[in-house]
Amino acid sequence: QVQLVESGGGLVQAGGSLRLTCAASGSIFSTKAMGWYRQAPGKQRELVAGISVGGRTNYAAFVKGRFTVSRDNAKNTVYLQMNSLNPEDTAVYYCNLYMPSYATPPVNYWGKGTLVTVSS
């Protein structure tokens with residue numbers, strides 16, 4: 001019964017920052033680890049960052065300290081603060097459950113995503 005709505009994307013110059021927000025509906029949110037994923041043109045969707053219910057985080061290697069994932073369980077919201085963006089970060093960003101046993105979560109909770117475009 002989870003619905004996920006991403007927002008906060010846009011067009012930024014290389015080196016810029018964006019904060020993405022994932023608003024979740026459904027009480028199940030507070031019991032689930034959540035992740036941010038992205039899909040760039042011509043590429044498969046990939047994990048960007050994951051965060052457990054208790055706030056433990058995991059990041060893809062390409063993040064290199066530039067991004068921070070956080071959550072507010074009381075507000076059913078997950079955030080992704082992205083700094084030092086580069087053109088390779090251009091993608092549609094999605095949130096979903098974080099299931100580290102899978103390359104991509106085998107659930108049907110994908111939303112519309114939010115487009116991040118980084119210009120050079």
Side-chain angles (χ1 to χ4, degrees):
Q1 297 181 359
V2 176
Q3 292 185 342
L4 304 170
V5 179
E6 302 92 343
S7 63
L11 174 64
V12 298
Q13 290 185 280
S17 297
L18 286 172
R19 187 187 70 177
L20 307 185
T21 298
C22 171
S25 61
S27 60
I28 194 174
F29 171 84
S30 64
T31 72
K32 299 294 184 181
M34 298 295 298
W36 284 97
Y37 303 80
R38 71 184 189 184
Q39 187 166 25
K43 293 186 176 181
Q44 295 279 6
R45 189 149 45 197
E46 62 184 345
L47 176 72
V48 178
I51 184 167
S52 73
V53 173
R56 293 194 62 197
T57 57
N58 187 40
Y59 298 94
F62 61 75
V63 169
K64 296 184 178 180
R66 300 175 299 132
F67 302 170
T68 302
V69 62
S70 61
R71 67 190 292 162
D72 186 335
N73 291 335
K75 296 180 178 179
N76 290 343
T77 304
V78 187
Y79 306 95
L80 184 67
Q81 177 67 47
M82 304 190 295
N83 302 319
S84 302
L85 288 162
N86 60 64
E88 287 67 42
D89 297 315
T90 295
V92 178
Y93 284 71
Y94 303 87
C95 60
N96 206 329
L97 304 184
Y98 175 49
M99 304 176 68
S101 296
Y102 298 87
T104 187
V107 292
N108 198 26
Y109 297 153
W110 299 108
K112 292 72 59 183
T114 186
L115 176 62
V116 171
T117 303
V118 185
S119 64
S120 59

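Sequence positions, counted from 1, serve as the residue numbers for this chain. Every heavy atom of this structure was used, including side-chain atoms; hydrogens, water molecules and symmetry mates were not.
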Check: When you look at V92 and T114, which way does the side chain to side chain contact (heavy atoms under 4.5 Å, CB included) test go after all the steps?
Finding: CA-CA 5 Å; V92 178; T114 186; over 6 Å; no
Note to self: What verdict does the side chain to side chain contact (heavy atoms under 4.5 Å, CB included) test give for N86 and R66, after you've listed the backbone C-alpha separation in whole Å, the side-chain angles of each residue and the deciding distance to 0.1 Å?
What the structure shows: CA-CA 10 Å; N86 60 64; R66 300 175 299 132; 3.2 Å; yes
Next item on the list: Step by step, work out the side chain to side chain contact (heavy atoms under 4.5 Å, CB included) result for N96 and V107.
Entry: CA-CA 8 Å; N96 206 329; V107 292; 3.3 Å; yes
Item checked: L80/V48 under side chain to side chain contact (heavy atoms under 4.5 Å, CB included): CA gap, chis, key distance, verdict -> CA-CA 9 Å; L80 184 67; V48 178; 4.2 Å; yes
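Within the model, atoms CG of L18 and OH of Y93 stand 9.0 Å from one another, a figure rounded to the nearest 0.5 Å. Between atom CZ of residue F67 and atom CG of residue N83 there is a gap of 8.5 Å, rounded to the nearest 0.5 Å. Here M34 contributes atom CE and T77 contributes atom OG1; the two are 10.0 Å apart, rounded to the nearest 0.5 Å. To the nearest 0.5 angstrom, L97 atom CG is 8.5 Å from T31 atom OG1. We find the OG-CZ distance between S52 and R71 to be 7.0 Å, quoted to the nearest 0.5 Å. To the nearest 0.5 Å, the span separating OH on Y109 from SG on C95 amounts to 12.5 Å.
Counting heavy atoms from C-beta outward, Y79 and I51 have side chains that stay 4.5 Å or more apart. With a 4.5 Å cut-off on side-chain heavy atoms, V69 and V78 count as touching. Looking only at side-chain heavy atoms (C-beta outward), M82 and S17 stay at 4.5 Å or farther from each other. At least one side-chain heavy atom of P106 sits less than 4.5 Å from a side-chain heavy atom of M99.
Both the sub-6.0 Å distance and the 45° axial angle are satisfied by R38 relative to the ring of F62. Judged by the 6.0 Å distance and 45° axis criteria, R45 is positioned over the aromatic ring of Y94.
Side-chain heavy atoms closer than 4.5 Å link hydrophobic residues (I, L, V, M, F, W, Y) into clusters, and following such links, possibly through other members, connects V63 to L20. The same ILVMFWY cluster, assembled from side-chain heavy atoms under 4.5 Å apart, contains both V116 and L4.
Of the possible polar contacts, one joining the T90 side chain to the V118 backbone as a donor-acceptor pair under 3.5 Å is found.
At a cut-off of 3.5 Å, with distance as the only test, no side-chain donor of N58 or R56 sits close to an acceptor on the other residue.
No more than 12 heavy atoms of other residues, nucleotides or ligands lie within 6.0 Å of CG in N108, so this atom counts as exposed by the packing criterion.
Here Y98 and W36 keep their ring centres 6.0 angstrom or further from each other.
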